[in-house]
K.L.:
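I have a structure here, written as structure tokens, and I will follow up with some questions on it.
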Amino acid sequence: QVQLLESGGGLVQAGGSLRLSCATSGRTFSSYTMGWFRQAPGKEREFVAAISWNGGSTVYADSVKGRFAISRDNAKNTVYLQMNSLKPEDTAIYYCAARRAWLNLRRGNDYDYWGQGTQVTVSS
């Protein structure tokens with residue numbers, strides 16, 4: 001069992017930055033692919049970014065490419081999402097998720113474990 005706990009959300013002005021963290025329990029964190037997803041009010045959950053077990057590979061949604069960066073520290077059992085040049089349309093609840101395989105990264109239903117989410121609000 002893997003438990004995930006996000007933190008770092010908040011209110012920021014457009015153009016600002018935030019760094020989200022996702023701390024995980026369990027001794028097998030380093031074997032998991034980690035992903036970030038988000039869900040805005042009235043919209044479906046969407047993929048944001050994913051990182052492979054050793055951090056060697058990353059994938060981003062087109063909407064955040066060049067502005068967001070996903071990273072991980074396996075010694076700390078933590079994955080991060082650095083968000084720069086934030087826009088009002090980035091406002092959402094952000095969730096981290098974990099899965100074993102490096103496959104179908106954009107499919108949220110293929111992830112095995114989820115955090116409770118952290119709210120990010122970007123004002124214009």
Side-chain angles (χ1 to χ4, degrees):
Q1 187 77 8
V2 176
Q3 294 183 326
L4 311 177
L5 182 63
E6 303 94 336
S7 62
L11 173 64
V12 64
Q13 289 188 332
S17 298
L18 282 174
R19 188 175 83 153
L20 305 183
S21 299
C22 175
T24 71
S25 66
R27 291 174 286 182
T28 58
F29 170 76
S30 61
S31 65
Y32 282 87
T33 290
M34 299 298 297
W36 285 97
F37 290 76
R38 66 186 182 186
Q39 187 166 20
K43 295 188 177 181
E44 293 188 352
R45 181 180 61 196
E46 66 172 346
F47 170 79
V48 176
I51 188 166
S52 61
W53 67 275
N54 64 351
S57 297
T58 57
V59 175
Y60 295 93
D62 288 344
S63 59
V64 306
K65 200 173 295 183
R67 299 188 298 121
F68 290 12
I70 188 171
S71 61
R72 67 190 296 162
D73 185 340
N74 286 345
K76 295 183 178 180
N77 287 357
T78 302
V79 62
Y80 304 98
L81 186 67
Q82 178 67 44
M83 306 186 296
N84 300 325
S85 302
L86 282 161
K87 305 174 181 180
E89 52 263 44
D90 294 318
T91 295
I93 299 174
Y94 284 71
Y95 300 89
C96 69
R99 60 170 300 171
R100 288 285 192 182
W102 183 250
L103 284 173
N104 299 325
L105 302 173
R106 290 173 168 79
R107 286 170 51 91
N109 288 345
D110 286 356
Y111 286 73
D112 301 307
Y113 303 103
W114 290 83
Q116 87 293 341
T118 185
Q119 176 72 48
V120 171
T121 303
V122 184
S123 63
S124 57

K.L.:
Mind checking the CD1-CH2 spacing from Ile51 to Trp53? Nearest 0.5 Å is all I need.
P.N.:
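So the CD1 of Ile51 and the CH2 of Trp53 are separated by 12.0 Å.
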K.L.:
Would you find a donor on one side and an acceptor on the other, under 3.5 Å apart, between the side chain of Asn54 and the backbone of Asn74?
P.N.:
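Checked: no pair found.
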K.L.:
Does Glu46 reach the side chain of Phe37, with side-chain heavy atoms less than 4.5 Å apart?
P.N.:
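With C-beta onward as the side chain, the pair stays apart.
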K.L.:
Does Gln82 offer a backbone N or O that forms a donor-acceptor pair with the side chain of Arg67 under 3.5 Å?
P.N.:
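Pair absent, no side-chain N/O of Arg67 close to backbone of Gln82.
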K.L.:
Quick check with a 6.0 Å cut-off and a 45 degree axis cone: is Arg99 positioned over the face of Tyr113's six-membered ring?
P.N.:
no
K.L.:
Between Thr24 (side chain only) and Asn77 (backbone N and O only), is there a donor and an acceptor less than 3.5 Å apart?
P.N.:
yes
K.L.:
Has Arg72 got its NZ or CZ under 6.0 Å from the middle of the six-membered ring of Phe29, at an angle within 45 degrees of the ring axis?
P.N.:
yes
K.L.:
Nearest 0.5 Å, what's the CZ-CE distance between Arg19 and Met83?
P.N.:
11.5 Å
K.L.:
Report the distance from atom CG of Leu103 to atom OG1 of Thr33, rounding to the nearest 0.5 Å.
P.N.:
8.5 Å
K.L.:
In Å and rounded to the nearest 0.5 Å, what is the CG to CD distance from Leu11 to Gln119?
P.N.:
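One gets 9.5 Å once the value is rounded to the nearest 0.5 Å.
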K.L.:
Test Leu20 against every option in Val79, Ile70, Leu81 by the side chain to side chain contact (heavy atoms under 4.5 Å, CB included) rule and name the one that passes.
P.N.:
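Per the side chain to side chain contact (heavy atoms under 4.5 Å, CB included) rule, the option paired with Leu20 is Leu81, out of Val79, Ile70, Leu81.
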K.L.:
Hey, does the side chain of Glu6 reach the backbone of Gln116 with a donor-acceptor pair shorter than 3.5 angstrom?
P.N.:
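Indeed, once roles are kept as given, a pair shorter than 3.5 Å links the two residues.
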K.L.:
Over 60° means perpendicular and under 30° means parallel, so classify the ring planes of Phe68 and Tyr94, tilted if in between.
P.N.:
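Tilted, since the angle between the ring planes falls between 30° and 60°.
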K.L.:
Could you tell me whether Lys65 and Asp62 make a salt bridge, using a distance below 4.0 angstrom between a side-chain N and a carboxylate O?
P.N.:
yes
K.L.:
Main chain of Met34, side chain of Tyr111: is a donor-acceptor contact present, judged purely on distance under 3.5 Å?
P.N.:
no
K.L.:
Quick one: do Tyr60 and Val122 end up in the same hydrophobic cluster if we chain Ile, Leu, Val, Met, Phe, Trp and Tyr together by side-chain heavy atoms under 4.5 Å apart?
P.N.:
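Same cluster: Tyr60 reaches Val122 through Ile, Leu, Val, Met, Phe, Trp or Tyr contacts under 4.5 Å.
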K.L.:
Return yes when atom CD of Gln3 has more than 12 non-hydrogen atoms of other residues, nucleotides or ligands closer than 6.0 Å, and no otherwise.
P.N.:
no
K.L.:
Starting at CZ of Arg45, measure out to CZ of Arg38 and round the result to the nearest 0.5 Å.
P.N.:
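Interatomic distance, Arg45 CZ to Arg38 CZ, rounded to 0.5 Å: 14.0 Å.
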K.L.:
May I ask whether Tyr80 and Ile93 are part of the same hydrophobic cluster, defined by side-chain heavy atoms of I, L, V, M, F, W, Y residues being less than 4.5 angstrom apart, directly or through others?
P.N.:
no
